[in-house]
Novice: 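Let me give you the structure first, and then I'll get to my questions.
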Amino acid sequence: MPDDVRPSVAVIVVAAGSGTRLGRPEPKAFVEIDGRSILSRSIDSVRGMSEPVSLIVVVPAALVGAASAQLDERRMPAVVVAGGDTRQRSVAAGIEVLAPEVEVVLVHDAARAFTPPEVFDRVVAAVRDRGHGVIPGLPVTDTIKGVADDGTVRDTIDRSQLTAVQTPQGFPRAHIVEAYALAAADFTDDAALVREAGHPVGVVAGSALSFKITTADDLERADDLIRRRSAAAAPALPRTGVGVDAHAFDATAELWLAGLHWPGEAGLAGHSDGDVVAHAICDALLGASGLGDLGSRFGTADPTLAGAHGEVFLQRTREILEAAGFRVGNVSVQVIGNRPRFAPRKTEADALLSGVLGAPVSVSATTTDGLGSAGRGEGLTAIATALVHPSS
Ligand code: CTP
Ligand code: MG
């Protein structure tokens with residue numbers, strides 16, 4: 001914040017509680033959700049406000065240094081002070097360090113890590129507009145019963161008269177300073193204290209996202225929220241895969257390669273027709289989509305696949321991918337071996353395979369200068385790479 005900006009709004013974020021009900025070793029505000037602390041997530045909301053504010057962060061005494069360093073690192077100017085043994089004492093510690101030019105004070109629970117910045121803006125605007133305290137609240141949707149000491153239901157409380165109250169709670173500086181100076185008892189929120197001092201407090205719309213992380217269940221809810229948000233924000237990047245297949249020649253069999261019949265050429269041994277091109281493509285596609293491989297998807301025990309041509313595997317692989325939400329981007333495959341001479345039928349092979357997969361497939365072939373099993377003419381190998389697109 002430049003030196004000449006002197007905000008008239010201060011936000012006190014109270015983060016000094018131990019989080020007994022959450023039951024974690026570290027203080028609650030320092031518990032991380034997907035790599036970032038509850039406190040830093042709350043501060044993000046303050047940062048999202050439409051006007052610059054003066055930030056005061058109240059933390060356990062032992063963590064003042066660490067929290068200041070973290071805020072500095074994130075270029076978030078803030079005054080960090082040590083809290084007390086009740087929430088009210090922690091808020092009081094924040095009030096102690098208000099800058100002189102501050103006119104509106106918001107107090108926010110760090111534990112409400114997902115409060116939208118608009119709620120902060122709404123509270124500030126309403127405090128200025130009405131000239132008194134304002135708290136965000138939500139209508140109560142459950143039916144609420146009064147229960148007697150003996151555990152029996154006494155009455156049903158008219159829920160239209162009720163509001164579930166959240167933070168940030170905002171007040172004219174004079175009201176909250178006076179209320180804290182007069183505070184005789186301990187209250188669970190600031191509005192109660194300000195009302196006790198005789199000042200009115202109004203309500204504005206809160207947010208369901210402002211839920212307070214109190215128990216392990218709440219933390220799980222927070223985790224789910226982050227996961228859903230990152231899934232929605234993450235671009236669905238294309239994925240690549242690789243597949244290799246090799247079969248030995250079997251002079252007594254017909255050759256089927258790249259989905260084509262090659263009369264007069266030595267065939268390939270295998271449970272199916274041994275089409276290494278089709279098989280390598282299937283593995284590349286399944287691998288790119290994280291859906292296993294040929295062996296795990298099409299067992300040799302399946303009688304419908306005995307002698308099946310490559311097209312059958314490709315067609316079924318395409319169906320598996322599409323059912324899982326992927327579509328084929330493109331495939332490139334290379335055959336390694338001395339025979340057959342592939343070039344004269346490349347166009348035919350590309351067209352056939354592209355048709356089956358509904359995406360461009362390009363097949364090429366190479367020899368190995370006499371090296372290895374391919375060079376000795378023992379069989380054929382194919383290597384395929386594939387690109388797939390998650391459809392979301
Ligand atoms: N708080 C605080 N100082 C305290 C107690 C609470 O600053 N002595 C803060 C908490 O860090 C939290 C907010 O007040 O952000 C709301 O309190 P609560 O949810 O009750 O948190 P804890 O008191 O930490 O949790 P618990 O009551 O389960 O111990
Ligand atoms: Mg508490």
Side-chain angles (χ1 to χ4, degrees), residues 34-35 220 223-248 256-260 268-337 342 346 348-366 374 379-392:
D34 193 31
E220 212 168 288
D223 251 333
D224 286 347
L225 183 68
I226 295 290
R227 218 170 302 131
R228 262 184 284 123
R229 278 187 183 173
S230 38
L237 291 174
R239 301 166 53 143
T240 66
V242 64
V244 178
D245 193 33
H247 281 290
W256 285 84
L257 189 65
L260 301 174
L268 294 164
H271 170 68
S272 62
D273 68 358
D275 186 339
V276 289
V277 169
H279 299 174
I281 293 174
C282 291
D283 266 346
L285 290 169
L286 292 167
S289 315
L291 293 170
D293 59 20
L294 204 63
S296 65
R297 286 283 169 175
F298 307 99
T300 47
D302 186 343
T304 67
L305 296 175
H309 290 311
E311 270 179 75
V312 175
F313 290 94
L314 290 167
Q315 180 58 39
R316 287 214 198 161
T317 299
R318 180 180 175 181
E319 285 161 16
I320 291 168
L321 256 66
E322 288 177 355
F326 291 96
R327 65 187 165 77
V328 182
N330 78 297
V331 172
S332 170
V333 51
Q334 190 160 39
V335 189
I336 304 163
F342 202 84
K346 172 188 164 50
E348 202 185 337
D350 286 357
L352 180 117
L353 299 172
S354 302
V356 177
L357 292 179
V361 178
S362 171
V363 191
S364 63
T366 188
L380 288 178
T381 299
I383 300 178
T385 63
L387 190 76
V388 300
H389 296 283
S391 46
S392 56

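Throughout, numbering of the chain's residues begins at 1 and tracks the sequence.
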Novice: Nearest 0.5 Å please: distance from the CG atom of Leu268 over to the NE2 atom of His279.
Specialist: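 Reported value, rounded in 0.5 Å steps: 9.5 Å.
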Novice: With rounding to the nearest 0.5 angstrom, report the CG to CD1 distance, Leu285 to Ile320.
Specialist: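 The CD1 atom of Ile320 is 10.5 Å from CG of Leu285, to the nearest 0.5 Å.
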Novice: Kindly give the heavy-atom pair with the smallest separation between Gly310 and Ala278, and that separation in Å.
Specialist: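 Minimum heavy-atom contact is CA-CB, 3.5 Å.
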Novice: If we only count heavy atoms from C-beta on, is the Thr317 to Ile281 side-chain gap below 4.5 Å?
Specialist: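 Thr317 does not reach Ile281 side chain to side chain.
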Novice: Going by heavy atoms in the side chains, are Val276 and Thr381 under 4.5 Å from each other?
Specialist: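 No, their side chains stay 4.5 Å or more apart.
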Novice: If you look at every heavy atom in Ala349 and Val363, which pair is closest and at what distance?
Specialist: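 The pair with the smallest heavy-atom distance is CB-CG2, 4.5 Å.
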Novice: Is the shortest heavy-atom distance from the side chain of Phe313 to the side chain of Asp273 under 4.5 Å?
Specialist: no
Novice: Determine yes or no for a side-chain-to-main-chain donor-acceptor pair under 3.5 angstrom, with Arg327 supplying the side chain and His389 the backbone.
Specialist: no
Novice: Kindly indicate whether the side chain of Glu311, heavy atoms from C-beta on, has any atom under 4.5 Å from the side chain of Asp275.
Specialist: no
Novice: For the side chain of Ser354 and the backbone of Ala351, is there at least one donor-acceptor N/O pair under 3.5 Å apart?
Specialist: no
Novice: Taking C-beta and beyond as the side chain, do Asp283 and Asp245 meet within less than 4.5 Å on heavy atoms?
Specialist: no
Novice: Tell me if the CD atom of Gln315 is crowded by more than 12 foreign heavy atoms within 6.0 Å.
Specialist: yes
Novice: With distance as the sole test, does Arg318 use its side chain to make a donor-acceptor pair with the main-chain N or O of Val356 at under 3.5 Å?
Specialist: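 Yes.
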Novice: Could you report the tightest heavy-atom contact between Ala374 and Gly337, atom names first, then the distance?
Specialist: CB-CA, 4.1 Å
Novice: Could you check whether any side-chain heavy atom of Gln334 comes within less than 4.5 Å of a side-chain heavy atom of Thr366, counting everything from C-beta outward?
Specialist: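 Yes, side chains in contact.
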Novice: State the CG-SG distance between Leu321 and Cys282, to the nearest 0.5 angstrom.
Specialist: 9.5 Å
Novice: Can you check side-chain contact (heavy atoms from CB on, under 4.5 Å) on Ile336 and Ile383, steps first, answer last?
Specialist: CA-CA 8 Å; Ile336 304 163; Ile383 300 178; 3.8 Å; yes
Novice: Closest heavy-atom contact between Ser362 and Lys346?
Specialist: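 For Ser362 and Lys346, the tightest heavy-atom pair comes out as OG-NZ, 3.3 Å.
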Novice: Do Phe342 and Leu257 make a side-chain contact, defined as non-hydrogen atoms from C-beta onward lying under 4.5 Å apart?
Specialist: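 Yes; the side chains approach each other to less than 4.5 Å.
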